[in-house]
Amino acid sequence: MIEFKNVKSIYKRNNHIALDDVSFKIDDGEFVFIVGHSGAGKTTMTKLLLREMVPTSGSIIVNNYNLKKLPKFKVPKYRRSLGVVFQDFKLFPKKTVYENVAFAMQVVGTPKALIARRVPAILKSMGLIDKAKNIPEELSGGEQQRVAIARALANSPEIIVADEPTGNIDPQMAAEIMELLIWINQKFGKTVVVVTHSENLVNTYQHRVIRLDHGKVTSDRVGGMFE
Amino acid sequence: MNHIPKMQKQPPKMKKSYNPFMFIAEAFKNLWRDRVISVASILVLASCLVLLGCFSLLVVNINVNMEKLVSLNEIVVFVDYDLPDDEVQYIGQKIRVLDNVESVEFISKDDGLESMKADYAGFEDVFDEMKESGDNPLSDSFRIKYKDNSKVTTLDYNLRQIEGVRKVNNRLDLATSLESFKNGISVIFIGFLIVLFIVSVFIIINTIKLAVNSHMEEIRVMKYIGASDWFIVVPYIIEGTIIGIFSSVIAYLFQWYIYYSLEKMVATDIQMIELASFGDIGGIVALAFLAVGILTGVIGSCISLHKNLQA
């Protein structure tokens, strides 16, 4: 569950109000788009969700963690409860596909034997088993994003946050990635939050849409369109 | 879409397992993957260590040679003329128990005359005549070597207080000047050594920082997927340690070769200079290289990581 309550976020450097009195609740198992044009506050919202920054006022509850009060030493544990997918994939360029996925499990202290069983299974389901020994630069953009999703799923998080997941790939691959995220949501009941500015994406898949504009939530509708 | 097997709704409860060998293996893998930067770091660190080593050994050897020069000084004590032998021996005993006395050599007036005869070649008959006529103008004497040049004034005073001592010959001014010169040289060279050490540490730390900074993006990703600070830091600390160990071994071998060649050259060509034996100081050099190498490697890693971990 994700809950924003009257969240205000101001950048001290230039007193810019990035988010202003933002409130919404995303229940377990929902698939939600967070949309908005450039400067709407999407990046700030993603940073808040990843606990890269804390809100100036208001509260954010994610997976029962109160992010405003979360001490620094507990941030790694909180981040392990999320699976994050980035526009630029953020894979380890010198690690193989297998190592990239396995690393997320090593971080949480997963025993080697379990990693050896689970990683091939995930790669197989993502259609990446033949690429296990390749390094990211040997893969297409779509394949790299699938590796990023595989890594995000490695520790079975309850929530997947995808920040512009189709921003760096061609339309056909983008459709595949979206199908994959929807499948993960429907099959395993994971909460999926897709942050995007892509009209096509939002209008094609017809899920709940939270629209941001100049730091405020201007609409929140199920089956909404990018207006 | 294929099925994802064994994917649980809740994260699996399991016992955490962090294998220390995993961190060591990860450190070696990182070193190999960034081998150009790794080799550059090792070479920079080794070069700085050799430079530091050369300068330190120079300071050690300057001290050794200055000590040798200062230790040429000795005091000669002349007793009163025609003192009976037992009184002369008694004076000898009193001298031996004085503080700062290293050795005492008794020189009888006959031996003194023989020594002068040897020094003044061509005038042997004059000295022979003196000896035969019993008209030896010298008195019995003691040649004293002392331990600490800085306490020679006190020794000189104590010798003059002994009854039966007629004259004390010393080179007090020369000894004091040499001691001051030695101290001055030591201070200057140790000052240079400290500056060189600071500069070297700065260069080494910055080289290691370059290596760590090349992993900045990787560290950010590690943080995003929930890696704790210690999980990120440990492999880099191990990397810094490995770089330090490799560098100190290379530096030690190079230092040994340079010093060995110098020892050979001094032994054959410049015998007036004395070099401290590498066998005696090699252990200290090795330990110092290892300590400086590892410390700077680890400190460099920590400083760079501290900055990156704030992200």
Side-chain angles (χ1 to χ4, degrees), chain A residues 28-29 50 52 72-84 86 88-95 99-100 103-115 117-118 120-122 124-127 129 150-158 176 179-180 182-184 187-190, chain B residues 1-38 211-212 214-236 239 305-306 308-311:
Chain A
D28 289 342
L50 295 180
E52 266 191 80
K72 204 180 165 198
F73 73 93
K74 282 190 178 172
V75 172
K77 197 177 174 194
Y78 160 69
R79 286 181 179 162
R80 291 171 203 168
S81 74
L82 301 177
V84 193
F86 297 95
D88 57 354
F89 323 128
K90 293 204 188 300
L91 298 173
F92 297 110
K94 290 175 181 174
K95 287 188 192 290
E99 288 169 338
N100 263 284
F103 189 77
M105 299 178 79
Q106 285 170 0
V107 161
V108 299
T110 309
K112 208 174 168 182
L114 184 56
I115 294 175
R117 280 204 309 274
R118 190 167 163 80
I122 296 175
K124 196 175 172 190
S125 67
M126 297 283 158
I129 195 70
R151 185 178 67 186
L153 288 170
N155 292 319
S156 293
E158 281 307 296
E176 263 189 40
E179 294 291 344
L180 186 57
I182 290 166
W183 179 75
I184 288 165
K187 179 88 179 173
F188 304 105
K190 308 281 178 195
Chain B
M1 184 63 62
N2 295 316
H3 176 63
I4 301 180
K6 294 180 185 174
M7 193 171 295
Q8 298 95 335
K9 281 199 169 188
Q10 295 298 323
K13 296 280 179 200
M14 59 178 184
K15 198 181 167 191
K16 285 184 179 178
S17 152
Y18 293 105
N19 183 352
F21 293 107
M22 179 188 82
F23 292 109
I24 297 171
E26 193 66 23
F28 273 104
K29 270 188 202 170
N30 285 344
L31 283 171
W32 178 248
R33 278 171 181 157
D34 297 318
R35 46 193 173 274
V36 175
I37 290 182
S38 304
V212 175
S214 70
H215 293 281
M216 205 163 79
E217 184 59 21
E218 199 171 304
I219 291 169
R220 280 174 67 89
V221 179
M222 285 166 84
K223 285 182 74 77
Y224 282 136
I225 61 176
S228 52
D229 285 356
W230 72 264
F231 188 92
I232 297 170
V233 165
V234 168
Y236 287 102
E239 261 187 74
L305 283 168
H306 180 72
N308 288 321
L309 286 175
Q310 302 305 310

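In the text below, chain A, chain B and the rest are named by the order of the sequence lines, each starting its count at 1.
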For this session: Taking the side chain as every heavy atom from C-beta outward, state whether Met222(B) and Pro76(A) have any pair of such atoms under 4.5 Å apart.
Result: no

Seminar exercise, completed: Separation between NZ (Lys112(A)) and CE (Met22(B)), nearest 0.5 Å, reads 10.0 Å

Seminar exercise, completed: So CD1 of Ile225(B) and NZ of Lys90(A): to nearest 0.5 Å the spacing works out to 12.5 Å

For this session: Answer yes or no: is there an ion pair linking Glu218(B) with Lys95(A), defined by an N-O contact shorter than 4.0 Å?
Result: no

For this session: Fit a plane to each ring of Phe231(B) and Phe103(A), take the angle between them on a 0 to 90° scale, and name the class: parallel (under 30°), tilted (30 to 60°) or perpendicular (over 60°).
Result: perpendicular

Exercise. Would you say Trp32(B) has more than 12 foreign heavy atoms packed within less than 6.0 Å of its CH2?
Worked result: no

Exercise. Where on Tyr78(A) is there a heavy atom nearer than 4.5 Å to chain B: the side chain, the backbone, both, or neither?
Worked result: neither

